[in-house]
Structure formats: C-alpha cells, structure tokens
Enquirer: 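My questions all concern the structure below.
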2 protein chains.
Amino acid sequence: MHKVTVLDKKGALDCPIRDVINRIGDKWSLLILVVLSEQPTRFNELKRTIGDISQKVLTKVLKELEQEGYITRTAYDESPPKVVYDLTEMGISVLTPVGHLIDWAEKNHAMIKGNRSKTD
Amino acid sequence: MHKVTVLDKKGALDCPIRDVINRIGDKWSLLILVVLSEQPTRFNELKRTIGDISQKVLTKVLKELEQEGYITRTAYDESPPKVVYDLTEMGISVLTPVGHLIDWAEKNHAMIKGNRSKTD
DNA sequence: CAGCATCCCAGAGGATACTG
DNA sequence: CAGTATCCTCTGGGATGCTG
C-alpha cells in the first residue's frame with residue numbers, strides 16, 4: 001500500500017492535502033477544471049456546459065481557483081465583453097493525481113453502490 | 001497530461017468521482033482513513049488522535065464510511081464496551097490514488113500559499 | 001467506552017433581479 | 001456577455017447533556 005501521511009504536529013487540519021481537498025472537494029471545482037482541460041472556455045459557455053451551477057457560485061469558484069493559481073482569467077476589451085478561463089501549469093498538473101482517483105472511482109463504483117444499497 | 005473524463009450525458013454530478021469526492025472530500029473522512037491505515041483503532045482512540053472532531057460527527061462519518069465499504073466496525077461484547085474500526089480492502093486501495101494527490105499537494109503547497117497571499 | 005439526542009450556527013449554494 | 005447584489009434554504013459540523 002502507498003504510505004500516506006496527513007497528520008502533522010500542530011494539528012490534523014493544517015496540512016497541504018486539506019488545502020487541496022478544500023478546493024477541489026467542493027461541489028463544482030473539479031468539474032470546472034475538467035471542462036477547462038478540454039479547452040479554454042468563456043464564462044457563459046462554462047455555465048452552459050456544467051448546466052446546473054448558479055451564476056453566483058460559478059463566479060465565486062472561478063475567482064478562488066484563479067486566486068490559488070489553478071486557472072487564468074483573460075478579459076478581452078470588446079463589446080460585448082469576452083472573458084476566457086484556462087488552466088495554468090499547476091491546474092494541468094493536478095489533473096494527473098486527480099485522474100488516478102477518478103480511475104479508482106470508476107473501478108470501484110459498482111462496489112460502492114452495492115455496499116450502500118445493502119444497508120438501505 | 002492525464003486524460004480525464006467526469007461529465008456524462010445525464011448530468012454533470014451523476015458520476016463515480018462525485019461519490020468518492022462526496023465521501024472523502026469532507027472535513028474528516030480522509031483523515032480517519034489515514035489514521036486507520038496505521039492500525040485498527042477504537043472509537044475514543046480515534047477521537048483523541050484526531051483531536052478536534054466532535055463525537056457526533058465522528059460517529060456519523062464512521063457509519064457512512066462503513067456503509068460504503070471503506071471500513072469495518074467490530075464490536076466486542078465486553079464491559080466496558082470495545083469497538084474497533086479498521087480498513088477494508090477497498091479502504092486500503094483508495095489510499096493509493098489518494099496518496100498521489102497528497103504527494104502533489106505537498107509538492108505544490110508552497111506555490112498555492114504563495115499565490116493566495118499575492119491577492120490578499 | 002461508545003455512543004444517542006438536542007440545540008445551535010456559519011457557510012455553501014440556489015433563485016432572482018439588475019448593470020456596464 | 002459577464003458579472004453584482006440580495007435574499008433564502010439546507011446541511012455540515014460543533015457543544016452539551018445523557019445512557020447502556
């Protein structure tokens with residue numbers, strides 16, 4: 001098994017993995033990163049692709065992802081306005097470990113659903 | 001880059017990775033799995049090790065982790081009661097992809113914190 | 001020891017209306 | 001088009017007290 005360390009001395013929550021989980025572990029961030037991995041995408045295009053995200057939340061999450069360096073925001077001075085979001089190098093690179101987790105999720109999905117239904 | 005697919009036809013949220021993120025993406029689950037990876041652990045021992053988790057939440061998360069098949073719960077019929085939690089095969093196996101994410105988090109932690117402080 | 005029951009709160013996220 | 005601004009709901013999680 002892969003050796004894992006999350007705890008540190010100061011407190012269980014103050015560790016790198018929590019910063020990452022807090023970011024991509026929410027309802028939408030990971031999805032946004034994946035959509036952007038297909039191609040640079042405009043605001044409303046992103047909203048349409050995801051479908052059921054509210055505009056407020058999309059704005060908020062995009063800001064946070066940008067602030068932590070996962071994505072870039074490029075505004076073109078046109079009318080109507082045009083803003084394009086894209087992955088940074090860091091945003092691209094996190095998709096590798098995330099991809100492993102996704103692979104695992106797909107392989108074990110049936111088992112998880114099976115377990116869950118047993119005790120319903 | 002690792003090729004990633006999360007979206008499906010029916011809706012963005014109905015996909016395996018969301019089941020996993022919803023489970024280990026909360027405040028405590030991942031931490032519990034990691035603690036258990038060290039050794040099988042009793043309820044209050046788990047609580048002490050983690051430190052600042054409330055009893056209510058620990059109970060709840062343990063139940064959910066058990067229900068989805070990540071951990072086992074073994075109650076010994078003694079007085080005082082003794083209940084030991086341990087990882088299942090599935091619980092062990094998820095720590096591999098999770099470990100990759102943790103590695104990534106550690107390598108990129110400085111950059112994330114740096115990015116964050118730039119725009120504070 | 002290993003919980004259950006209850007009360008409480010902050011924040012995530014949705015809906016809607018408005019703007020440069 | 002790409003957002004801001006409000007209002008509202010719902011739930012994750014904490015605090016406290018009690019029990020077999």
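All chains are named by letter (A, B, ...) in the order of the sequence lines, taking the proteins before the strands, and each is independently numbered beginning at 1.
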Enquirer: Out of D:dC1, D:dT4, C:dG14, which has the shortest distance to the side chain of A:Ser54?
Expert: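 My answer, after comparing the listed nucleotides, is C:dG14.
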Enquirer: Side chain of A:Trp28 only, please: which of C:dA2, D:dA2, C:dG14 is the nearest?
Expert: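 Nearest to the side-chain atoms of A:Trp28, counting from C-beta on, is C:dG14.
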Enquirer: Tell me: NZ of B:Lys47 to P of C:dA2, nearest whole Å?
Expert: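 It is 12 Å, rounded to the nearest whole Å.
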Enquirer: For A:Lys60, which contact category applies under a 4.0 Å heavy-atom criterion: base, sugar-phosphate, or nothing?
Expert: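 Sugar-phosphate, no base atom in range.
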Enquirer: Give a yes or no on whether B:Glu89 atom CD has more than 12 heavy-atom contacts from other residues, nucleotides or ligands under 6.0 Å away.
Expert: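 At most 12 heavy atoms, drawn from other residues, nucleotides or ligands, come within 6.0 Å of this atom.
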Enquirer: So which nucleotide from D:dA5, D:dG14, D:dA2 ends up closest to the side chain of A:Lys56?
Expert: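 Taking heavy atoms from C-beta onward, the closest nucleotide is D:dA5.
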Enquirer: Rounded off to whole Å, could you give me the CG-to-P distance for the B:Asp52 and D:dG14 pair?
Expert: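 So the CG-P distance, B:Asp52 to D:dG14, works out to 7 Å.
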Enquirer: For the side chain of A:Pro80, starting at C-beta, report the closest nucleotide among D:dG14, D:dC1, D:dG3.
Expert: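 Out of D:dG14, D:dC1, D:dG3, the nucleotide with an atom closest to A:Pro80's side chain is D:dC1.
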Enquirer: If you only use heavy atoms from C-beta on, which nucleotide in D:dG13, D:dG3, C:dG3 is closest to the side chain of B:Val57?
Expert: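 Nearest nucleotide to the side chain: D:dG13.
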Enquirer: Under 3.5 Å, is there an N or O donor on one side and an acceptor on the other linking the side chain of B:Lys27 and the base of D:dG13?
Expert: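 No, the side chain and the base share no sub-3.5 Å donor-acceptor pair.
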Enquirer: Are side-chain N/O atoms of B:Ser93 and A:Trp104 paired as donor and acceptor at under 3.5 Å?
Expert: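 Result is yes, a qualifying pair exists.
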Enquirer: Quiz question: by atom type and distance under 3.5 Å, do the side chains of A:Thr49 and A:Glu45 form a donor-acceptor pair?
Expert: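 No - no donor-acceptor pair under 3.5 Å links their side chains.
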Enquirer: How many whole angstroms separate atom CG of A:Leu58 from atom C1' of C:dG13?
Expert: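 Atom-to-atom, A:Leu58 to C:dG13, this comes out as 12 Å.
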Enquirer: Grab the CG-C1' distance between B:Asn22 and D:dT11 for me, whole Å please.
Expert: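 That distance rounds to 13 Å.
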Enquirer: Does B:Tyr85 put a side-chain nitrogen or oxygen below 4.0 Å from OP1 or OP2 of C:dC1?
Expert: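 Checking C:dC1 against B:Tyr85, no side-chain N or O comes under 4.0 Å of OP1 or OP2.
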Enquirer: Between atom CG in A:Leu62 and atom P in D:dC1, what is the gap in whole Å?
Expert: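 From A:Leu62 CG to D:dC1 P: 16 Å.
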Enquirer: Atom CD1 of B:Ile50 and atom C1' of D:dG14: how far apart are they, to the nearest Å?
Expert: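 Roughly 15 Å, once rounded to whole Å.
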Enquirer: Looking at B:Lys82, I want to see if its NZ is surrounded by more than 12 non-hydrogen atoms of other residues, nucleotides or ligands under 6.0 Å.
Expert: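 Count over threshold, so yes.
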Enquirer: Does D:dG3 have its OP1 or OP2 closer than 4.0 Å to a side-chain nitrogen or oxygen of A:Arg73?
Expert: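 Answer yes for this pair, as a side-chain N or O of A:Arg73 is under 4.0 Å from OP1 or OP2.
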Enquirer: Identify which nucleotide among C:dA2, D:dC7, D:dG3 has an atom closest to any side-chain atom of B:Arg42, counting heavy atoms from C-beta outward.
Expert: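 Between C:dA2, D:dC7, D:dG3, the one nearest the side chain of B:Arg42 would be C:dA2.
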Enquirer: Of the listed nucleotides (D:dG14, D:dC1, C:dA2), which one gets closest to any side-chain atom of B:Phe43?
Expert: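 In terms of side-chain proximity for B:Phe43, the closest of D:dG14, D:dC1, C:dA2 is C:dA2.
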Enquirer: What is the distance, to the nearest angstrom, from the CD1 atom on B:Ile32 to the P atom on D:dG13?
Expert: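 Checked: the CD1 to P distance equals 10 Å.
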Enquirer: Would you call B:Arg116-A:Glu68 a salt bridge at under 4.0 Å N-O?
Expert: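 Looking at A:Glu68 together with B:Arg116, the answer is yes, because their closest N to O distance falls below 4.0 Å.
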Enquirer: How close or far is atom C1' of C:dG14 from atom CG of A:Asp26, stated in whole angstroms?
Expert: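 In whole Å, C:dG14 C1' lies 15 Å from A:Asp26 CG.
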Enquirer: Decide yes or no, distance alone: a donor-acceptor N/O pair under 3.5 angstrom between the base of C:dC4 and the side-chain of B:Gln55.
Expert: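 Flag set: donor-acceptor pair detected.
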